[in-house]
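Single-structure report; data block below.
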Amino acid sequence: MSLIKMTRRAAVGLMAGAGLLASASFASAEAIKVAAIYTLPVEQQWISRIHKALNAAAERGDIEYTFSENVANTDYERVMREYAEAGQKLIVGEVFGLERAARNVAKDYGDTAFLMGSSFGPSGDNFSVFDNWIHEPSYLSGIVAGNATESNLIGMVGGYAIPEVNRLMHAFMDGARSVNPDVKFLVNFIDSWYDPPKAKESAFAMMDAGADIMYAERFGVSDAAVERGVKAIGNVIDTSGDYPDTILASAIWHMEPTIDRAIAAVKGGTFEASDYGQYSFMGYGGGSLVLDEALVPADVVAAVAATEAEIMDGLFRVNVNDAAPQSDN
C-alpha cells in the first residue's frame, strides 16, 4: 500500500497553526459545556471534521461535549433551544437553509455562544460563523490532477451548487488549468449531501465519456474510480486508506483552529459575533494538502510544494469564485 505523505510546507503550516493555539491563554481551567447539532451523520465528510475537532477538545479536558446528529431542518430550532436551556455555553452546528430561525434563537439566548457554518456573516452579539475555506489546497490538488490526466477530461461530482462547494471546485479547476490549458471538465451536482449510489452512477457516466481523473467531492465517486481503475482527487478528508492506489491527493479541512479559538474566547469571556472563516486558511493550519508520492511524479510534487510555499508566504492568492461551475462544451 502506498503511503500518503504531507508536503513539507503543509506540515510547517499545520505546526505553525498548532503553535498559535498552544499559546492561547484560557481564563478558566474548567471544562465548559459544548453541544453540536448536525443535520447529517457524524461520518459525513464535512460534519466529521467538526466532530473530530470537538472530540479532541473533549479529550484534552477543555470541554464537556454532547451532540445530536441527523437533525431535520424542521427540528433544528427546537434542538438549539433545548441545548441553550440546558446551559450549554457554546453551541456549534451548520445552519445552511435555516439561517433566519437560527439567528432568532441566538437573540433569545444572549449568554450562549453560537458558532455556526453559514453562507452569511455574524450577527448580534453572540452569533459567529465559520466555513471550510480550503480553496488553497483545492488549487494545489488541481495541479496534481492537471498533470495526471491523459485524456484531458476530468470529471467532477458535487453535492449542491452552493458557494461553499463551488469555490472549492473552481479552485481545483484553476489549479488544473494552470499546468494544463487543454484540460476540460464534466461537472454534475447530485442535489444531495449523502447519496453514494447516485454519486457513483454520475461518476460512471463521466468515465464513459472519457474522464480519466475524478474529483470526489461526494462519497461514492472514489468507489466508481476503484472499479474502473481511474485515479481520483479527495476533498475535506483523507480517504486514501480506504482507496489504496487511487487517491492522488486530497484537500483537507482542519476544524481545530476554529473550534479551539472559539472555546478559548468563551472561557476567557471574550466571545463575540465574528467571522471565523479565516481560520480554515492554510496559514492558520485550517487547510492542508496530502498527496501520494508513490502515485505523483517527483517533478509534480516539487511544483505543488513551490506553489504552496508562495501561498504560505503571501506571494500567491487563490481566486475565490462562488458561482456554480459548468461543464466545458
Side-chain angles (χ1 to χ4, degrees), residues 33-55 57-58 63-124 126-132 157-166 168 188-202 216-221 235-237 253 255 258-259 262 273 276-277 280 322 324:
K33 296 173 67 175
V34 177
I37 310 170
Y38 304 124
T39 59
L40 295 166
V42 293
E43 291 81 12
Q44 190 264 354
Q45 291 133 295
W46 204 83
I47 298 300
S48 71
R49 307 311 287 175
I50 308 169
H51 188 56
K52 176 177 179 290
L54 287 167
N55 274 320
I63 65 174
E64 296 177 10
Y65 173 45
T66 186
F67 67 94
S68 298
E69 60 184 335
N70 290 315
V71 176
N73 281 5
T74 52
D75 291 330
Y76 205 96
E77 181 177 353
R78 173 185 59 79
V79 177
M80 284 182 71
R81 291 186 182 279
E82 288 177 353
Y83 276 137
E85 291 286 349
Q88 301 293 330
K89 295 300 183 184
L90 173 64
I91 298 177
V92 182
E94 84 280 18
V95 294
F96 306 105
L98 44 105
E99 296 274 359
R100 189 176 299 279
R103 291 163 191 265
N104 284 336
V105 172
K107 291 178 183 178
D108 293 339
Y109 297 93
D111 293 333
T112 304
F114 294 86
L115 178 64
M116 297 289 176
S118 171
S119 298
F120 301 96
S123 62
N126 62 335
F127 192 93
S128 289
V129 296
F130 68 87
D131 206 345
N132 64 329
V157 180
Y160 290 95
I162 64 172
E164 291 73 17
V165 174
N166 299 343
L168 304 188
N188 185 45
F189 293 94
I190 62 173
D191 294 330
S192 172
W193 289 132
Y194 191 77
D195 192 340
K198 190 173 183 179
K200 188 175 182 179
E201 179 183 357
S202 179
E217 200 271 328
R218 292 291 101 195
F219 282 142
V221 177
N235 181 61
V236 176
I237 61 175
W253 183 30
M255 187 62 176
T258 299
I259 289 295
Y276 281 70
S280 289
D322 287 344

Rounded to the nearest 0.5 Å, how far does CG of L90 lie from CD1 of I63? 7.5 Å
Okay, side chain of Q88, backbone of Y83: is any donor-acceptor separation there less than 3.5 Å? no
Atom pair CG (L54) and CD1 (I259), whose distance is rounded to the nearest 0.5 Å: 4.0 Å
d(M80 CE, I91 CD1) to nearest 0.5 Å is 6.0 Å
So does D131 get a backbone contact from the side chain of S280, meaning a donor-acceptor N/O pair under 3.5 Å? yes
Closest heavy-atom pair, F120 versus V129, reported as atoms and distance to 0.1 Å, is O-CG2, 3.5 Å
Looking only at heavy atoms, which two atoms of A216 and N235 are closest? And how far apart? O-CB, 3.8 Å
Strictly distance-based, threshold 3.5 Å: is any side-chain N or O of K33 a donor or acceptor partner for the main-chain N or O of A86? yes
If I take atom OG from residue S202 and atom CG from residue N188, how far apart are they, to the nearest 0.5 angstrom? 3.5 Å
Please check: side-chain N/O of Y276 versus main-chain N/O of M116, any donor-acceptor pairing under 3.5 Å? no
Which is it for I162 and F189 under the side-chain contact (heavy atoms from CB on, under 4.5 Å) test, yes or no, and what are the steps along the way? CA-CA 10 Å; I162 64 172; F189 293 94; over 6 Å; no
Using a strict 4.0 Å threshold on nitrogen-to-oxygen distance, state whether D111 and K89 make a salt bridge. no
Answer yes or no: does atom OH of Y160 have more than 12 heavy-atom neighbours from other residues, nucleotides or ligands under 6.0 Å? yes
Minimum heavy-atom distance between S128 and P122, given as atom pair plus value: CA-CB, 4.4 Å
Can we say E85 and R81 salt-bridge, meaning some charged N sits less than 4.0 Å from an Asp/Glu carboxylate O? no
Tell me the closest heavy-atom pair linking N132 and E164, and the distance in Å. OD1-CB, 4.1 Å
Would you give the length of the straight line joining atom CD of E43 to atom CD1 of I237, rounded to the nearest 0.5 angstrom? 10.5 Å
Ring geometry between F67 and Y38 (parallel below 30°, tilted from 30 to 60°, perpendicular above 60°): tilted
What are the two closest non-hydrogen atoms of I190 and K198, and how far apart are they? O-NZ, 3.0 Å
Would you say the rings of W253 and W46 are close, in the sense that their centroids are separated by under 6.0 Å? yes
Answer whether the closest heavy-atom distance between the side chains of V79 and S68 falls below 4.5 Å. yes
Criterion side chain to side chain contact (heavy atoms under 4.5 Å, CB included) against W193, the qualifying member of I47, L40, T39: L40
Return the minimal non-hydrogen interatomic distance between V92 and I50, and the atom names on each side. CG1-CG2, 3.8 Å
Just by distance, do the side chain of R218 and the backbone of V157 share a donor-acceptor pair under 3.5 Å? no
Check: Y76 side chain, E94 main-chain N or O, donor-acceptor pair, under 3.5 Å: yes
Exam field: side chain E217 to backbone G159, donor-acceptor pair closer than 3.5 Å: yes
Are more than 12 heavy atoms, taken from residues, nucleotides or ligands other than E201, located less than 6.0 Å from that residue's CD atom? no
Reported CZ-to-CZ distance for the pair F114 and F127, which is rounded to 0.5 angstrom: 8.0 Å
Would you confirm whether D75, through its side chain, and V71, through its main-chain N or O, come within 3.5 Å as a donor-acceptor pair? no
Any donor-acceptor N or O pair under 3.5 Å, side chains E99, S118: yes
Main chain of Y109, side chain of N126: is a donor-acceptor contact present, judged purely on distance under 3.5 Å? yes
